[in-house]
Every structure is written in structure tokens, then in C-alpha cells.
Number of protein chains: 2
Amino acid sequence: MKKSNSHYHHGHLAESLLDAVDEIATQFGIEAVTLRGCAKRIGVSPASAFRHYADKRSLLTVFATRALNQLADSMEASMLKAQESGEDALQAVCMAYVHFALTKPAFFRAMWREEMIYSGDPDYLAATQRLAGYLQEGFLKTIADEDPCDFSPQELLAWSTVHGLACLFVDGPVAQEKSTEERMGLAKTVLTQLTPVFTQQRS
Amino acid sequence: MKKSNSHYHHGHLAESLLDAVDEIATQFGIEAVTLRGCAKRIGVSPASAFRHYADKRSLLTVFATRALNQLADSMEASMLKAQESGEDALQAVCMAYVHFALTKPAFFRAMWREEMIYSGDPDYLAATQRLAGYLQEGFLKTIADEDPCDFSPQELLAWSTVHGLACLFVDGPVAQEKSTEERMGLAKTVLTQLTPVFTQQRS
DNA sequence: GTTCATATGTTAACACTGTTAACTTACAAT
DNA sequence: ATTGTAAGTTAACAGTGTTAACATATGAAC
């Protein structure tokens with residue numbers, strides 16, 4: 001955090017650019033994010049971004065990865081809290097997923113826009129796997145050392161339902177006029193229906 | 001279908017532009033669709049599109065609406081076929097949903113990219129409601145004349161699951177290396193788990 | 001059939017985008 | 001102190017959506 005008075009070298013440009021993407025995406029949506037806009041917001045020349053990111057898509061990939069880890073953090077916290085108080089951990093994790101999508105829609109979109117990012121990037125893939133890991137907790141692992149990209153039908157059902165719900169809320173025509181609280185309640189009702197399917201084989 | 005030899009007036013530019021979007025999106029993805037590219041493919045000047053569409057977003061809105069109706073057509077056909085042969089109609093409709101996403105990923109994406117279209121457009125909204133209608137068939141309607149945007153928990157569970165599955169296949173890290181057939185099989189396994197939830201209250 | 005309003009196309013320009021090449025500055029190791 | 005390198009700048013490029021001003025073909029009224 002050392003500050004030069006010359007201001008020629010910014011010093012934290014890579015991270016500052018991510019913050020700029022954050023702010024612009026939050027205010028105007030992920031489609032409005034522009035390299036030149038980010039640079040201008042930081043007070044730096046348009047071309048400077050290319051010293052730190054190969055292209056715009058790389059920047060958005062890192063941003064998406066960052067957003068995935070933020071979501072995973074939030075899911076982890078919810079899980080731990082639920083485990084302490086003896087609540088349904090899977091339910092808590094799912095609700096955290098939906099809550100993130102509702103409160104940070106631009107971030108949630110950025111995570112899954114396949115054509116805007118390099119979805120084969122190792123860090124990105126690792127972040128998606130970390131996220132999926134919290135949804136897999138609470139399920140019996142039948143096979144050890146399995147491919148982390150391979151999901152049991154129960155796990156995939158859980159992820160599909162919560163992901164679909166989040167997507168329909170964010171980009172779809174479902175409950176558009178409703179408040180965040182109302183939609184969270186609706187999500188709870190929907191997810192509760194799944195408990196009979198899971199309670200049979202829960203660990 | 002009358003053809004002028006002067007070639008000054010194209011005649012079917014509005015529809016031809018939609019076809020161009022179709023072809024470019026299929027080949028290179030929805031992000032690669034460009035007004036100038038569409039115009040060039042048709043052999044028309046870049047500015048001509050604006051006589052038929054207010055802006056690019058309007059064109060993509062009509063394209064998304066068209067794609068939604070194609071999906072709804074496919075779902076309707078699957079439903080009728082299943083009803084004739086006595087199969088599970090809801091299952092058939094869900095499988096048609098996933099199949100469309102897998103075979104026409106660019107179209108499926110275009111339907112739900114909120115920032116690329118005018119999602120408040122009446123025709124677009126009508127198409128989404130038509131689509132949702134096929135998922136609602138087979139469920140008991142408890143309240144008559146209800147808002148078509150309002151879904152029962154069961155209906156929303158069905159839509160969320162199938163939509164999430166489709167999205168995770170198309171944009172997510174799930175089963176990326178698997179073939180379409182394998183993924184359809186996986187989808188069936190996931191969706192079958194929902195039958196106990198629905199059979200209680202099916203009509 | 002000629003006239004003419006209108007729908008539908010063209011051309012040329014605008015500001016803005018991502019990206020690159022050539023250049024400049026500051027820092028850090030010798 | 002010198003100097004190599006990391007990190008910034010400027011100026012240009014082609015490509016984008018969009019608009020204004022202009023051109024042409026169509027079809028209805030006379």
C-alpha cells in the first residue's frame with residue numbers, strides 16, 4: 001500500500017481494474033463494462049490494462065472467478081452457521097446461493113456468461129468446483145476419489161434446482177415484481193419440496 | 001416471394017435479418033452477432049437494418065422471441081406424443097427443454113440474456129408464458145384465472161430444475177466432456193427423482 | 001399512364017470499442 | 001551511479017452501433 005507521489009506508476013492496477021469492473025457492473029450491468037471505462041474510472045490510460053490482462057475476456061474471467069469465490073465464501077459461512085444451530089445445512093447453502101444471485105445479479109450473471117470469459121481457465125474451473133463442493137457436502141459419497149466434475153444424481157438435482165431458480169429470478173420472467181424477501185420466501189418453499197427426495201439418502 | 005431484378009429493394013429484410021442472426025449465432029455464438037455482419041451476409045448496407053428494427057437490442061428481442069416459440073413448439077409436440085403413447089407428459093416436456101438447450105445452445109442463451117434484449121417486450125413476455133404453460137400442464141390448477149406469471153411451488157420446482165439443468169449444461173462446468181446422448185440420460189435420471197414429489201398432487 | 005407520397009434502401013459520417021506498436025518513466029538490482 | 005525491466009503513455013488501427021441526408025422503387029389517386 002505504498003504511495004508514490006509521482007503517480008506515473010499506479011501500483012495496484014490489476015486489482016483496481018477488478019474493482020472498477022465490480023463498480024460498473026453493479027451500477028450499469030455486466031454488458032456495460034468497458035476496458036476504456038474501467039481505465040478512465042481509475043484515472044489511467046486505456047492501454048494500460050493490457051500490461052496485466054491479455055485481453056478483456058481475461059479480465060472478465062478473473063472477475064468471474066472472484067465472484068464465484070465470493071459466493072462460495074457466503075455458502076461456506078451459511079453452512080457453518082446452520083451446522084452450529086442444527087439447521088438443515090443443504091437448505092442454508094441453497095438459500096445463500098439464491099440470495100447472492102438476487103442481491104448481486106451482475107456478479108451472478110458474469111459467472112456464467114460462457115462467451116464473455118475463458119471458461120477453461122484453471123482458476124475459474126477450480127472456483128466452480130469449490131462452489132459445487134458446498135452443495136455436495138451433506139451427501140453420502142458413494143465412490144471415493146471420484147472426478148470432482150462428476151456429480152451424483154442427487155447432487156445434480158440440488159444444484160440444478162437452486163441454479164435454475166436463481167437464473168429465473170435474475171434473467172427470467174418469474175416473480176419480477178416481488179421484493180427480494182418475497183422471492184427468498186418463494187425459494188424456500190420450492191426448495192423445501194426437495195427434502196423428501198434427499199432425506200432418504202442423507203448422511 | 002416476388003423477386004425484383006433491380007435488387008434495390010430486398011423485400012424480406014426483416015425476416016432475412018433474423019435468419020442471419022440465426023446462422024451467425026449458430027456458427028459463432030450469440031456474442032459474435034453483429035448488425036454489420038448480418039447486413040453483409042444478406043448483401044445489404046449496414047444502416048438498412050434500422051428501417052425494420054429500432055436498434056440491435058430490438059432485433060435480438062425478436063430473435064429471442066422466435067427461439068422461445070421454437071422451444072415451445074418442440075415442447076408441445078413432445079407433450080402430445082407422450083399423451084398419445086401414455087407416457088409421462090411432464091417428463092417429456094422437460095426432456096424437450098433440455099434437448100433444445102443442448103442442440104441449439106446459442107438460441108437457448110439468447111432467450112435469457114436479459115441485458116441483450118428488451119425483456120419487457122409484450123411479445124417476448126407472451127412467448128415465455130406460452131413456454132411456462134406447457135410446464136404447468138399436468139398440474140392441478142387450484143385457483144382459476146390466476147396471473148400467468150404466478151407459479152405454484154410445484155410448477156416453479158419443475159421449471160427451476162429443468163432450467164437449471166439446461167443452464168449448467170450449456171454455460172456451466174457440468175458434464176462438459178459428455179455427448180448429447182449421455183447428457184440427456186443424465187437429465188432423465190435427475191428429473192426422475194422429482195416424480196415422487198409430483199405424483200402426490202398430479203391431476 | 002402520369003404524379004407523387006411513402007416505404008425501403010444507400011452513403012457518409014459520428015463517437016465509441018478492443019487492441020497494438022512505439023515510446024517514456026520509475027524502480028530495483030548490481 | 002548505471003542500467004535492465006516492469007509499468008505506464010500516446011497515437012493509431014479496424015470494427016462497432018447509430019444517425020442524418022439522400023436515392024429509388026412501389027403502389028394508390030387522379
Side-chain angles (χ1 to χ4, degrees), chain A residues 1-21 23-25 27-64 110 113-118 121, chain B residues 1-21 23-25 27-64 110 113-118 121:
Chain A
M1 216 46 180
K2 58 180 159 186
K3 256 195 172 177
S4 163
N5 15 357
S6 68
H7 291 214
Y8 188 95
H9 280 63
H10 181 276
H12 305 283
L13 196 47
E15 301 145 51
S16 295
L17 280 169
L18 286 174
D19 293 337
V21 174
E23 291 164 23
I24 295 174
Q27 280 190 51
F28 308 105
I30 189 68
E31 300 282 329
V33 171
T34 245
L35 279 186
R36 297 178 108 103
C38 292
K40 177 177 274 185
R41 174 173 284 253
I42 301 175
V44 104
S45 78
S48 59
F50 293 89
R51 297 279 165 202
H52 301 272
Y53 301 97
D55 51 16
K56 184 186 182 183
R57 210 168 166 177
S58 298
L59 170 61
L60 291 182
T61 302
V62 178
F63 177 74
R113 296 279 126 120
E114 225 255 336
E115 324 90 273
M116 298 185 82
I117 65 176
Y118 292 116
D121 177 78
Chain B
M1 218 46 179
K2 58 180 156 187
K3 258 196 172 177
S4 164
N5 14 358
S6 69
H7 290 146
Y8 188 95
H9 280 63
H10 180 277
H12 305 283
L13 195 47
E15 300 145 52
S16 295
L17 281 168
L18 286 173
D19 293 336
V21 174
E23 290 164 24
I24 296 174
Q27 281 190 52
F28 309 104
I30 189 68
E31 299 282 328
V33 171
T34 244
L35 277 186
R36 296 178 109 103
C38 292
K40 177 177 274 183
R41 175 173 283 253
I42 301 176
V44 103
S45 78
S48 59
F50 292 90
R51 296 281 165 202
H52 301 272
Y53 301 96
D55 51 17
K56 185 186 182 183
R57 209 167 167 178
S58 297
L59 171 61
L60 291 181
T61 302
V62 177
F63 178 73
R113 297 276 125 123
E114 224 255 337
E115 326 90 273
M116 298 185 82
I117 64 176
Y118 292 116
D121 176 78

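The chains referred to below are lettered A, B, ... by the order of the sequence lines, with proteins before strands, and numbering in each begins at 1.
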Over how many whole Å does the gap from [X] atom [atom1] to [N] atom [atom2] extend?
X	N	atom1	atom2	answer
B:Met116	D:dT16	CE	P	14 Å
A:Leu13	D:dT9	CG	C1'	12 Å
B:His12	D:dT26	NE2	P	12 Å
A:Arg41	C:dT17	CZ	P	13 Å

Within the 4.5 Å heavy-atom criterion, are [X] and [Y] side-chain neighbours or not?
X	Y	value
B:Phe28	B:Thr34	no
A:Cys38	A:Val33	yes
B:Leu60	B:Ile30	yes

Got a sec? Which of residues 50-63 of chain A come in under 4.0 Å of DNA chain D, heavy atoms?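 Output list: A:Arg51, A:His52.
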Residues within residues 30-38 of chain B bordering DNA chain D, heavy-atom distance below 4.0 Å: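 Here the set is B:Thr34, B:Leu35, B:Arg36.
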Run the numbers on B:Leu18 and B:Leu59 for side chain to side chain contact (heavy atoms under 4.5 Å, CB included), then give the verdict. CA-CA 7 Å; B:Leu18 286 173; B:Leu59 171 61; 3.8 Å; yes
How far does the helix from C:dG1-D:dC30 to C:dT30-D:dA1 bend, going by the axes of its first and last five pairs, to the nearest 10°?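 Overall, the helix from C:dG1-D:dC30 to C:dT30-D:dA1 bends by 0° from one end axis to the other.
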Which nucleotide in the list C:dG9, C:dT11, C:dA21 gets nearest to the side chain of B:Ala47?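 Of the options given, the side chain of B:Ala47 lies nearest C:dT11.
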Point-to-point distance, once rounded to the nearest 0.5 Å, from NZ of A:Lys56 to CE of A:Met116: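 CE of A:Met116 is found 5.5 Å from NZ of A:Lys56.
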For the atom pair NE2 (A:His12) and NE2 (A:His52), what is the distance rounded to the nearest 0.5 Å?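 If we round to the nearest 0.5 Å, A:His12:NE2 and A:His52:NE2 are 11.0 Å apart.
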Using side-chain hydrogen bond (donor to acceptor under 3.5 Å, both in side chains) as the criterion, list what pairs up with B:Arg51, not counting sequence neighbours.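 So B:Arg51 forms no side-chain hydrogen bond (donor to acceptor under 3.5 Å, both in side chains) with any residue.
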Could I get the full list of side-chain hydrogen bond (donor to acceptor under 3.5 Å, both in side chains) partners for A:Tyr118, not counting sequence neighbours?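 side-chain hydrogen bond (donor to acceptor under 3.5 Å, both in side chains) list for A:Tyr118, sorted by chain: A:Asp55.
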Pairs flagged by salt bridge (Lys or Arg N to Asp or Glu O under 4.0 Å) wherever residues 32-42 of chain A is involved - sequence neighbours left out: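 Residue pairs passing salt bridge (Lys or Arg N to Asp or Glu O under 4.0 Å), neighbours aside: A:Glu23-A:Arg41.
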Electrostatic pair B:Arg113:A:Glu115 at N-O distance under 4.0 angstrom: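 Salt bridge: yes.
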Between B:Thr61 and B:Tyr53, does the side chain to side chain contact (heavy atoms under 4.5 Å, CB included) criterion hold? Intermediate values first, please. CA-CA 10 Å; B:Thr61 302; B:Tyr53 301 96; over 6 Å; no
Please determine if a side-chain N or O atom of A:Ser45 lies less than 4.0 Å away from the OP1 or OP2 oxygen of D:dT9.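 For D:dT9, OP1 or OP2 has a side-chain N or O of A:Ser45 closer than 4.0 Å.
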